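Structure, as structure tokens:
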Amino acid sequence: MRYSKWLIALLSATLLVSACQKKDVYYLREVLKNYAKCDVSKLTILAHPAMKGDPQLPNETHIKYYNPDGTVKRIRTMYFGIFGDYKIYDLNITYQGFKAIFKGKVQNYDYTSFLEEENPVNFDAAFDPKTGWVKTINKVNVEYSAGRVIKFGNFNLTYDAKGNLLKMLDKTKSGAIYTYGTKGAGKNLFYAPIRGTNIPDVYWMVDFLGWAPIRSKNERLTFLDADPTYNFDPEKYYTHQYDNKQNLLTYDTEPTTSKYQPKLEWNCDCLRNGAFYK
């Protein structure tokens, strides 16, 4: 008896749903559409050594922890400065219907004043019941058209014909501008958050969580910090490296003055919204 590819995908999806105890009403449709991708579960950004021979030290780390049903239950984000300052976010996530509730704390140490603070963090996110994509997070609205994010808060997003994000700009023309090559099609691409722009932190959180279709289709060549008051040089990306499942593991950046090297870890156990989860 000859089965169609669609039926095989359906049977595979059904087995995954059983094994991972899935409950999402839109889950099966998303599996059939995107059942061959993995989810980035950890990102470590290694700073460029200050001097030749010095070790590369992590100055930023993002980690996701999972519930048995595949949803993310916790995010831990750590930023480390060169003078010993740091900021650590530890957020637990619970789900109520089509809402996600973030509760946790942020620890902040300022080396200039030698003060360490700990403050509570509490905000919500809401999802579109039809698509499963996030529509608001921490009071920032997300708008879609033709399966793409076209507005994130005050920023308008535009794309090339392949679906790569070209520009993310607000009314003052501040934000980010990207260029892409032809490589990377069909691979799982995730790029580290870019600090220093006025793009809200929840945008990078949504990207890391995989809650909106904003990841690149091709390898990124450059990033430009768009600022109407200052002409920055573009940041270049090169030496992309992948694992045997075509997940992006690492890449390098230039110029050397701001060089860093992200290290990615991927989870390929169970699916949700086109990404695998534990």
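Predicted model only: the values in this text are computed from it and were never measured.
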Could you tell me whether a side-chain N or O of Thr250 sits under 3.5 Å from a main-chain N or O of Pro262, the two making a donor and an acceptor?
yes
Taking atom types as modelled and ignoring hydrogens, do the side chains of Asp170 and Asn198 form a donor-acceptor contact shorter than 3.5 angstrom?
yes
Asn218 and Asn164: side chain donor to acceptor below 3.5 Å
yes
For residues Asn267 and Asp39, is any side-chain donor paired with an opposing acceptor at under 3.5 Å?
no
May I have the step-by-step check of salt bridge (Lys or Arg N to Asp or Glu O under 4.0 Å) for Asp90 and Lys105, ending in yes or no?
CA-CA 6 Å; Asp90 208 346; Lys105 62 184 179 180; 5.7 Å; no
Minimum heavy-atom separation for Leu165 to Tyr203, with atom names?
CD2-OH, 3.4 Å
Is a donor on one side and an acceptor on the other found under 3.5 Å between the side chain of Asn138 and the backbone of Val140?
no
Taking Lys263 for its side chain and Tyr251 for its backbone only, find out whether a donor-acceptor pair lies under 3.5 Å.
no
Indicate the atoms forming the closest heavy-atom contact of Met168 with Phe152, along with that distance.
CE-CB, 3.9 Å
Step through the shown structure and confirm whether more than 12 heavy atoms of other residues, nucleotides or ligands are within 6.0 Å of CG on Asn154.
no
Stacked cation flag Arg74 on Tyr65, 6.0 angstrom / 45 deg:
yes
Just by distance, with hydrogens left out, do Glu235 and Tyr237 show a side-chain donor and acceptor under 3.5 Å apart?
yes
Between Phe223 and Tyr191, is the gap from one ring center to the other below 6.0 Å?
no
Restricting to non-hydrogen atoms, name the atom on Thr172 and the atom on Ser174 that form the minimum distance, rounded to 0.1 Å.
OG1-OG, 3.0 Å
Please determine which of Val40, Leu189, Asn188 meets the side chain to side chain contact (heavy atoms under 4.5 Å, CB included) test together with Arg215.
Val40
Lys/Arg cation over aromatic Tyr242: Lys187, 6.0 Å, 45° cone
yes
Quick check, are the ring centers of His62 and Tyr89 under 6.0 angstrom apart?
no
Test your reading of the model: is there a side-chain donor-acceptor pair from Tyr95 to the backbone of Val72, 3.5 Å cut-off?
yes
How far apart are the closest heavy atoms of Leu224 and Phe232, and which atoms are they?
CD1-O, 3.3 Å
Can you confirm whether or not the ring centre of Phe127 sits under 6.0 Å from the ring centre of Trp211?
yes
